[in-house]
Amino acid sequence: MFLAVSSPARGIVEVVELDARGGETARERMPEAAFPEWARGREADHPRWVWADTRRWYPALLDAGVRVERCVDLRMCRLILRNAAAASGTELARSPRDRWDAPAHVPAASGALFELEEPEPDDDPAAELLRQRAAIADSGTPGRLSLLTAADSVGALVAIELEHAGLPWDAARHDRILVEVLGERMPGGRPARMEALVGRIRAALEDPQANPDSPPTLLRSLQRAGLRVSSTSRWELAGLEHPVIEPLLAYKKLARLFTANGWAWLDEWVHDGRFRPVYVPAGVVTGRWASDGGGALQLPRQVRGAVVADPGWKLVVADAAQLEPRVLAAMSRDAAMARAGRAHDLYQGMVDAGAVETRSQAKYGMLGAIYGGTTGEAGRMRPRIERAFPRAMAFVEAAARAGEAGEQVSTWLGRTSPRGRDAGYDETRSDDERARELRDGRARGRFTRNFVVQGTAAEWALCWMGALRRMLWQLGGGDAADAVLTARPHLVFFLHDELIVHAPAGLADAVAEAMRASAAEAGRILFGEVPVDFAVTVAVVDSYAEAK
DNA sequence: TCGGAAAGCGCC
DNA sequence: AAAGGGCGCTTTCCGA
């Protein structure tokens with residue numbers, strides 16, 4: 001059963017009930033303020049809530065203590081279906097662009113002028129649901145596209161739940177880390193250790209004006225001091241012999257922490273013991289999540305010690321080991337690579353199988369295969385990887401050739417890469433233009449090569465997350481109405497191939513088991529019975545820094 | 001004065 | 001530590 005939710009007028013909610021075949025069975029209007037209580041009553045029937053945008057509707061439900069099991073995020077699903085090659089022959093794909101193709105709802109910043117504007121009424125979500133279901137049914141791959149749209153929708157729910165719960169964050173510990181690494185905080189100036197490093201940099205360059213915060217002026221200072229550099233980046237500086245190098249590299253490291261995750265970040269993003277970033281599910285073309293504020297997906301290792309479970313609770317941290325190579329093995333049905341993945345450490349499995357000599361060779365060879373690396377260790381390992389895993393390599397090579405030819409590629413479930421720029425064919429091109437096109441084409445090949453693997457890994461992660469979410473709910477826990485999620489084991493963090501659950505200590509082992517079981521389930525849901533293990537490393541800890 | 005681009009580096 | 005893919009964030013620069 002579907003419950004299609006919209007707001008036909010400001011402050012009014014309309015819900016259309018549809019049966020499994022899409023026929024309307026009931027229709028109801030209510031004031032928006034009454035909707036959460038109404039939804040709480042209906043959730044017992046396990047409906048699939050259908051709405052334009054999860055971020056528009058779900059926060060208020062969670063605030064009222066209403067957790068929903070399933071939804072269809074129509075705008076996310078429209079984007080998938082609009083672009084999916086498998087659905088290109090459907091009516092939806094041919095229809096002109098409309099408001100369902102518009103970017104997702106962005107909540108107005110408090111105090112902004114936008115709040116005064118009358119919101120546009122939603123278009124009819126029931127009609128859009130039927131259009132999308134027809135497109136999926138008429139596509140060449142209805143099973144995969146319905147799984148993909150369901151997976152993205154559950155991701156949309158999880159994103160809002162993560163923001164609702166927040167990541168437990170000990171601001172005092174964070175402050176101690178900052179003081180230890182950066183030195184005492186100086187009002188209006190650089191922290192003590194950073195300032196000391198600036199002194200050493202200026203002395204080493206014999207330039208009292210040298211400013212390591214400004215790349216152009218720093219570059220000139222370095223060149224005046226006789227260093228032959230063309231940029232101030234770390235990789236270029238690291239190879240040089242000069243007294244300025246050591247303090248300068250140290251300064252860069254500290255400056256990064258200070259500006260990106262220092263006291264200002266703490267003030268802005270951590271409140272009442274929780275870090276609440278903004279997630280953007282499927283915000284990346286490959287289907288990976290992005291973030292929009294807070295930088296949750298770039299949380300540096302240095303500050304992970306500030307992620308601390310509440311008293312009596314634990315953090316259960318799970319990481320999918322070598323996810324992308326395993327996904328590639330499953331997609332390409334490469335039996336030899338799957339065998340290497342029987343080992344918990346796939347790279348060690350490659351060594352044991354005799355494909356390469358060292359774990360490091362395995363790692364860089366594999367990453368080169370997936371990213372299209374041709375130089376360094378990745379390039380040297382290429383022939384061996386091709387010999388050992390011919391099907392896997394043929395799979396990514398095919399994706400790369402498609403990209404070079406200007407074609408689109410799709411993930412396992414059918415998310416399709418964006419169209420490349422149409423280069424066209426022009427006999428009159430100059431050599432420069434030809435060279436540029438060749439370079440662009442190769443870049444495009446590396447993109448499509450990576451797209452199929454990264455995008456399918458993102459799909460695996462969504463399936464993992466969805467299965468885990470269901471298992472966590474079944475584990476139960478407290479039932480406080482004002483803490484429907486947070487009184488029981490709940491997800492608090494997601495980072496591409498890593499999940500963190502905050503759980504009462506007594507349930508931590510059960511959660512750890514659920515994380516393994518859901519990973520195995522994700523593999524089965526996506527790929528059926530393939531002989532590929534999706535190994536996860538699970539740690540029950542008090543602080544995120546203790547995990548690996 | 002403002003906003004976009006670029007540099008640089010954090011994450012996977 | 002090394003290059004390939006995808007990002008976000010901060011600061012500085014620079015042109016309109």
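Below, chain A is the first sequence line, B the second, and so on; all start at residue 1. Only heavy atoms go into these numbers, but all of them, side chains included; no hydrogens, no water, no symmetry mates.
Remark: A/R144 does not engage A/E459 in a salt bridge, criterion side-chain N to carboxylate O under 4.0 Å. Ion pair A/E357/A/R380 not flagged as a salt bridge, since none of the NZ, NE, NH1 or NH2 atoms sits closer than 4.0 Å to an Asp/Glu carboxylate oxygen.
In the set B/dC11, C/dA2, C/dG8, B/dC11 carries the atom at the smallest distance from any side-chain atom of A/P300. The listed nucleotides are C/dG6, C/dG5, B/dG10; the one nearest the side chain of A/Y371 is C/dG5. Of the candidates C/dG6, C/dA3, B/dC9, B/dC9 carries the atom nearest the A/K252 side chain, counting heavy atoms from C-beta on. Among the nucleotides B/dC9, B/dC11, C/dA2, the one closest to the side chain of A/R234 is B/dC9. For A/Q454, taking side-chain heavy atoms from C-beta onward, the closest of the listed nucleotides B/dC9, B/dG10, C/dG5 is C/dG5. Closest to the A/Q298 side chain, of the nucleotides C/dA3, C/dG6, C/dC9, is C/dC9.
Distance, A/L254 CG to B/dG8 C1': 16 Å, rounded to whole Å. Taking atom CG on A/N450 and atom C1' on B/dC12, their separation rounds to 11 Å, with Å as the unit. When the C1' atom of C/dC9 is taken as reference, atom CG of A/L257 falls 14 Å away, rounded to whole Å. Atom CZ of A/R326 is separated from atom P of B/dC12 by 17 Å (rounded to the nearest Å). At whole-Å resolution of the value, CD in A/E498 and P in B/dC11 are 11 Å apart. Rounded to whole Å, the distance from OH on A/Y251 to P on B/dA7 is 20 Å. C/dA3 atom P lies 19 Å from atom CZ of A/R442, rounded to whole Å. Taking atom CZ on A/F258 and atom P on C/dC9, their separation rounds to 19 Å, with Å as the unit.
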Walk me through whether A/F494 and A/W464 qualify under ring pair (Phe, Tyr, Trp, His ring centres under 6.0 Å). CA-CA 11 Å; A/F494 172 55; A/W464 182 32; 8.0 Å; no
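Residue contacts for A/R304: at a heavy-atom cut-off of 4.0 Å it reaches the sugar-phosphate backbone alone, with no base atom in range. Looking at heavy-atom distances under 4.0 Å, A/G294 makes contact with sugar-phosphate atoms alone, never a base. When heavy atoms are screened at a 4.0 angstrom cut-off, A/V285 is found touching the sugar-phosphate backbone but no base atom. Residue A/G295 is classed as a sugar-phosphate contact, given heavy-atom separations below 4.0 Å to backbone atoms only. Within 4.0 Å (heavy atoms only), A/F451 reaches no atom of the nucleic acid at all. Across all strands shown, A/R449 has no heavy atoms under 4.0 Å from either base or sugar-phosphate atoms. Among the protein residues, A/G379 comes within range of no part of the nucleic acid, since none of its heavy atoms lies under 4.0 Å from any strand.
Across all strands shown, B/dG3 forms a Watson-Crick or G-U wobble pair, both distances under 3.5 Å, with C/dC14. Taking a pair to require two hydrogen-bonding distances under 3.5 Å in either a Watson-Crick or a G-U wobble arrangement, C/dA3 remains unpaired.
A/S360 and A/E377 form no side-chain donor-acceptor contact under 3.5 Å, judged by distance and modelled atom types alone. Judged purely by distance below 3.5 Å, without hydrogens or angles, the side chains of A/T217 and A/N211 never pair a donor atom with an acceptor atom.
Annotation: A/E236, atom CD; neighbour count of heavy atoms from other residues, nucleotides and ligands within 6.0 Å is above 12. Counting non-hydrogen atoms of other residues, nucleotides and ligands closer than 6.0 Å to NZ of A/K252 gives a total above 12.
Considering only side-chain N and O atoms, A/T232 lies under 4.0 angstrom from the phosphate OP1 or OP2 of B/dG8. Remark: A/R256 is not in phosphate contact with B/dC9, judged by side-chain N or O atoms under 4.0 Å from OP1 or OP2. Look at A/R415 and you won't find any side-chain N or O under 4.0 angstrom from OP1 or OP2 of C/dG6. Note on A/R288: every side-chain N or O is 4.0 Å or more away from OP1 and OP2 of B/dC11.
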Are there any protein N/O atoms within less than 3.5 Å of an N/O atom in nucleotides 11-13 of chain C, and if so, which ones and at what distance?
{"unit_1": "C/dT12", "atom_1": "O3'", "unit_2": "A/S214", "atom_2": "OG", "d": "3.3"}
{"unit_1": "C/dC13", "atom_1": "OP1", "unit_2": "A/S214", "atom_2": "OG", "d": "2.5"}

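Taking the six-membered ring for Trp, A/W460 and A/F527 have ring centres at least 6.0 Å apart.
C/dG4 has its base syn relative to the sugar, with a glycosidic angle deviating from 0 by at most 90°.
Taking the nucleotide of DNA chain C with the nearest heavy atom to each of A/V284 and A/S360, the more 5' of the two is matched to A/S360. Where A/W235 and A/W265 each meet DNA chain C at their nearest nucleotide, the meeting point lying more 5' is that of A/W235.
Of all non-hydrogen atoms in A/A318 and A/V538, the two that sit nearest each other are CB-CG2, 4.2 Å.
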